[in-house]
Amino acid sequence: MDSRTKGKTVMEVGSDGVAVITLINPPVNSLSFDVLYNLKSNYEEALSRNDVKAIVITGAKGKFSGGFDISGFGEIQKGTRKEPKVGYISIDILTDLLEAARKPSVAAIDGLALGGGLELSMACHARISTPGAQLGLPELQLGVIPGFGGTQRLPRLVGLTKALEMILTSKPVRAEEGHSLGLIDAVVPSAELLTTARRWALDIVERRKPWISSVLKTDKLPPLGEAREILKFARGQTRKQAPNMKHPLMCLDALETGIVSGPRAGLEKEAEVGSQVISLDTTKGLIHVFFSQRGTVKVPGVTDRGLIPRKIKKVAIIGGGLMGSGIATALILSNYPVILKEVNEKFLEAGIGRVKANLQSRVRKGSMSKEKFEKTMSLLKGSLDYESFRDVDMVIEAVIENISLKQQIFADLEKYCPQHCILASNTSTIDLNKIGERTKSQDRIVGAHFFSPAHVMPLLEIVRTNHTSAQVIVDLLDVGKKIKKTPVVVGNCTGFAVNRMFFPYTQAAMFLVERGADPYLIDSAVSKFGMPMGPFRLCDLVGFGVAIATATQFIENFPERTYKSMIIPLMQEDKRAGEATRKGFYLYDDKRKAKPDPELKKYIEKARSMSGANVDPKLVKLSEKEIIEMTFFPVVNEACRVFAEGIAVKAADLDIAAIFGMGFPPYRGGIMFWADSIGSKYIYSRLDEWSKTYGDFFKPCAFLAERGSKGAPLSAPVEQARSRL
Ligand SMILES: CCCCCCCCCC(=O)CC(=O)SCCNC(=O)CCNC(=O)[C@H](O)C(C)(C)COP(=O)(O)OP(=O)(O)OC[C@H]1O[C@@H](n2cnc3c(N)ncnc32)[C@H](O)[C@@H]1OP(=O)(O)O
Ligand SMILES: NC(=O)C1=CN([C@@H]2O[C@H](COP(=O)(O)OP(=O)(O)OC[C@H]3O[C@@H](n4cnc5c(N)ncnc54)[C@H](O)[C@@H]3O)[C@@H](O)[C@H]2O)C=CC1
């Protein structure tokens, strides 16, 4: 392959008269412009050759195609590649050349057929797949639309309702389901894929199999009135579920045009909106997230050293409380044998009971069979001592947030665990060097910071100290992948990356409320911005015990920029500790539905008098935009510190940490990406002004001041010399 080109296709013509065109663009045979233009020339050649009767399209190395090459969107957004004529690929190549050809084509699908991959196959006249194939249109997840004819052909093949489900959820279906839906014509074992596809193509030529152009099918489409109703409902749901995004509605416009005005008009509309969505800010954000998420496993100086992950055969967890039981659940679900250690029988039973309940909820929802439940539970063993730790490969400590207890546990672990065993802590705030102070095992001490509930939340913050070995990080990255977490490797400090960013967010909210802002309006503005919930609802969910423990660590370690509010401690004194006690910033009914509490005023007023704060008329009447700025610019400020200190190696890692750890809206691209979309100059000037009026909590850090004064991007790399890692 020419080093300047990205991917290619090759064509081989057999003595049976079938031309087999293979897509080659590792690792997922994505459809780069080079692949697509090569495909076009192969096709033209096949159509012009007298020895070719039919065509089979397949992908190299067991993968049909993972879709359009997503980096192509970035090139168009940055202007480094000229966008082809609107509709050139979907109409000129796939519809007018391929689907309308006088020679039939069959797609032979192994592995993946996603996005443009599935769309290319739908333009063929039949599709044969292997049993493991995944078929889907995940484009909306990336901020684009199924723009190679997907909005027109999928409803015609599987019906409007199923097509909407597949497109709006971005979820793929397996081959068997695809077969029963009419998307796939036959499912055959891998070894028979190509021969079956060749035979099928020749059968079409000889009219033994139907010659079907999906785009012209109408039998699965509902009558017009019904289709309009279905689309109206889908629009309503989409507006509710994705209120800040335009592209899903634009996708529905393309679908509707095809149904109302015919497939040609639909293809044209799809091409028009497909081109428009590429420049939406939300699309830029989502594409940035796609690559950033995959970039977190590339850690300079660690993953580029050729280290192979060691096999982790058995894991021990200390503490079967909320976190320990969640971590145990995540591990046994991925077939790791686990030992769970607790302080006494009662607590052990409770811990194992929590794991059981986590799995039983899957059985109830139908996502786990009873047999699988039994098999998974059999991987978990309880223990009250360290004897069974003698052959474990990794320990994850998840006891209460208490330094001296953790220090004692690590000293014990050193005595009982084998030399190679990884010693991990799930601490959410404590410096790992302190935890390992009483050991000589600093090179195998690492943070494995899960988020609650640990078997559900996708992020795993891997915390390395200056002593943690690269091998240990590589091992933990591998475990993270096996238990299906998105790992982010960060440096050691109080709060690491996620909690350091989280803290100013809740603090800013307390600051505003003490000066007269309405907590419920703050929560509402933050939810509209796209967070799963506002800061006050979140404090209730996490519980005030955890909130106070975390605050204590921050006050101790970063006193100069901590806003000390008494609202939470005052409520805690009155035994209102959040959702678990049914009273916090909100009141909770039997179904845990939250409603505002007029009594909250009392606590706010008392806290205000204790801190000596005054109601500020300007802050009482903040607009939603101002609320977002005053709660999130302090987060940007802290993210800048974390980046400048080298706690995060790449700004994109902070984007992923914010999205998967804090619930920051992915379509805003993550905290640093969002900040750069606003501009460092503006953020700096706002924080600078507030710090002069309201104090050091808002004071821009040196990094932000330096970049903000020049208007330089915050996510540009930090010089290595200044990085701590
Ligand atoms: C107006 C101008 C013309 C353009 C018209 C636009 C219309 C476009 C219409 C269209 O068809 C759009 C699309 O097809 S968009 C793409 C749709 N496809 C997807 O969303 C799939 C994305 N990929 C995945 O979900 C996973 O990668 C996958 C399930 C395929 C594999 O997962 P796995 O865990 O095995 O590997 P992973 O680490 O995720 O990826 C490995 C490697 O491959 C890179 N990659 C994956 N998919 C793509 C892709 N579609 N384009 C480019 N690169 C892709 C990924 O980044 C990884 O790279 P790395 O360097 O980290 O190894
Ligand atoms: N609760 C949360 O949302 C999160 C907590 N964390 C961290 O995870 C750790 C655990 O937190 P939670 O699970 O919430 O606490 P928890 O209080 O629910 O559970 C702690 C468990 O540890 C047990 N334990 C105490 N000493 C022990 C010992 N010597 N041997 C074995 N078991 C022992 C206790 O009996 C208790 O069951 C803390 O470090 C916390 O900061 C991390 C992320 C989120």
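When a residue number appears, it is its place in the shown sequence, counting from 1. Counting convention: from 1, in listed order, for ligands and their atoms alike.
Atoms of ligand 2 found under 4.0 Å from any heavy atom of S428, numbered from 1 in the order shown, are 6 (N), 7 (C), 40 (C), 41 (O), 42 (C). Close approach to I318 involves these atoms of ligand 2, each under 4.0 Å from a residue heavy atom: 30 (N), 31 (C). Those atoms of ligand 1 that come under 4.0 Å of a heavy atom in F73, given as number and element, are 6 (C), 8 (C), 12 (C), 15 (S). Residue K341 approaches ligand 2 through these ligand atoms, each under 4.0 Å from one of its heavy atoms: 30 (N), 31 (C), 32 (N). Close approach to S452 involves these atoms of ligand 2, each under 4.0 Å from a residue heavy atom: 3 (O). Taking a cut-off of under 4.0 Å to the non-hydrogen atoms of I76, the atoms of ligand 1 that pass are 2 (C). Ligand 2 places these atoms under 4.0 Å from at least one heavy atom of I409: 29 (N). The ligand atoms of ligand 2 that sit less than 4.0 angstrom from a heavy atom of T427 are 39 (O).
Contact of the L140 side chain with the I145 side chain is registered, since non-hydrogen atoms from C-beta on lie closer than 4.5 Å. The closest side-chain heavy-atom distance from L98 to I57 is below 4.5 Å. Taking the side chain as every heavy atom from C-beta outward, L477 and I462 approach each other to under 4.5 Å. In this structure, the side chains of I317 and L331 come closer than 4.5 Å at one or more pairs of heavy atoms.
Where the criterion is an N or O separation shorter than 3.5 Å, residue side chain and backbone included, E342 meets it with respect to ligand 2. For ligand 1, the polar-atom distance check against L114 finds no nitrogen or oxygen pair separated by under 3.5 Å. For ligand 1, none of its N or O atoms has an N or O atom of V28 under 3.5 Å away.
Looking at F450 against ligand 2, only its backbone comes within 4.0 Å, counting heavy atoms. At a 4.0 Å heavy-atom cut-off, ligand 1 does not touch Q141 at all. Of all the heavy atoms of L405, the ones lying under 4.0 Å from any atom of ligand 2 belong exclusively to the side chain. With a heavy-atom cut-off of 4.0 Å, E119 touches ligand 1 through its side chain alone. At a 4.0 Å heavy-atom cut-off, ligand 1 touches L112 through the side chain alone. Under 4.0 Å from ligand 1, heavy atoms of D69 appear from its side chain as well as its backbone.
From the protein, the heavy atom lying nearest to atom 50 (N) of ligand 1 is F68 O, 3.0 Å. In this structure, atom 44 (C) of ligand 1 lies nearest to the protein heavy atom P27 CG, 4.4 Å. Nearest protein heavy-atom neighbour of atom 28 (C) of ligand 2: V343 CG1, 3.6 Å. The single protein non-hydrogen atom nearest to atom 9 (C) of ligand 1 is G147 N, 3.3 Å, given as residue, atom name and distance. At the top of the distance list for atom 15 (O) of ligand 2, counting protein heavy atoms only, stands I400 CG2, 4.4 Å. At the top of the distance list for atom 33 (C) of ligand 2, counting protein heavy atoms only, stands V399 CG1, 3.4 Å. Of the protein's non-hydrogen atoms, K298 NZ, 4.1 Å is the one closest to atom 62 (O) of ligand 1. Remark: minimum distance from atom 19 (O) of ligand 2 to any protein heavy atom is reached at G321 CA, 3.3 Å. L322 CD2, 3.6 Å is the protein heavy atom nearest to atom 1 (N) of ligand 2. Among protein heavy atoms, atom 12 (P) of ligand 2 sits closest to M323 CG, 3.9 Å. Protein heavy atom nearest atom 39 (O) of ligand 1, with residue, atom name and distance: R294 NE, 2.6 Å.
Note: F68 and F73 meet the aromatic proximity criterion, with ring centroids under 6.0 Å apart.
Heavy-atom distances between G274 and ligand 1 stay at or above 4.0 Å for every pair. Residue contact annotation: K406 has a non-hydrogen atom under 4.0 Å from ligand 2. Heavy-atom separations between H449 and ligand 2 include at least one value shorter than 4.0 Å. Under a 4.0 Å heavy-atom criterion, N426 is in contact with ligand 2. For the ligand labelled ligand 1, residue V297 lies outside the 4.0 Å heavy-atom shell. Contact analysis puts F290 in contact with ligand 1, with a non-hydrogen atom separation below 4.0 angstrom. Ligand 1 lies out of reach of V86, whose nearest heavy atom is not under 4.0 Å from it.
Under 4.0 Å is where a charged nitrogen must lie from a carboxylate oxygen, and between R153 and E99 at least one such pair does. A salt bridge is defined here as a Lys NZ or Arg NE, NH1 or NH2 lying under 4.0 Å from an Asp or Glu carboxylate O, and D34 with K8 fails to meet this definition. Using a 4.0 Å cut-off between charged nitrogen and carboxylate oxygen, R390 and E387 count as a salt-bridge pair. Look at K415 and D412 and you find a salt bridge, because one of the NZ, NE, NH1 or NH2 atoms lies within 4.0 Å of a carboxylate O, short of that distance. Between R438 and E414 there is no salt bridge, since no side-chain nitrogen of the basic residue lies less than 4.0 Å from a carboxylate oxygen of the acidic one. In this structure, K85 pairs ionically with D92, as a charged nitrogen and a carboxylate oxygen lie closer than 4.0 Å.
Within a 4.0 Å radius of atom 47 (N) of ligand 1, the protein contributes at least one heavy atom. For atom 58 (O) of ligand 1, the nearest protein heavy atom lies 4.0 Å or farther away. Within 4.0 Å of atom 34 (O) of ligand 1, not a single protein heavy atom is present.
A cation-pi geometry, defined here as NZ or CZ lying under 6.0 Å from the six-membered ring centre and within 45° of its normal, does not hold between R500 and F496. Annotation: cation-pi geometry satisfied between K341 and Y386 (NZ/CZ under 6.0 angstrom from ring centroid, within 45° of ring axis).
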Problem - Check against salt bridge (charged side-chain N to carboxylate O under 4.0 Å, His left out), D653 and K650 - result: CA-CA 5 Å; D653 287 349; K650 311 186 251 5; 3.3 Å; yes
Practice task
With side-chain hydrogen bond (donor to acceptor under 3.5 Å, both in side chains) as the test, would you mind laying out the steps for S404 and N402 before giving the verdict?
Solution key: CA-CA 6 Å; S404 57; N402 176 311; 3.1 Å; yes
Exercise for the section: Decide side chain to side chain contact (heavy atoms under 4.5 Å, CB included) for V302 and L307; before the verdict, give the C-alpha distance in whole Å, the side-chain angles of both, and the deciding distance to 0.1 Å. Expected result: CA-CA 8 Å; V302 175; L307 294 166; 5.6 Å; no
Handout entry: ring-ring contact (aromatic ring centres under 6.0 Å, His included) evaluation trace for F585 with F544
Key = CA-CA 10 Å; F585 287 97; F544 293 174; 5.7 Å; yes
Exercise for the section: For ring-ring contact (aromatic ring centres under 6.0 Å, His included), just list the numbers for F554 and F503, CA-CA rounded to whole Å, side-chain angles, deciding distance to a tenth of an Å, and then say yes or no. Expected result: CA-CA 8 Å; F554 280 87; F503 197 61; 4.1 Å; yes
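Within the 3.5 Å criterion, the main-chain N or O of G320 finds a donor-acceptor partner in the side chain of R354.
Between the side chains of N25 and D69, no donor-acceptor pair of N or O atoms lies under 3.5 Å.
Among G545, G319, S383, the residue whose heavy atom sits closest to atom 22 (O) of ligand 2 is G319.
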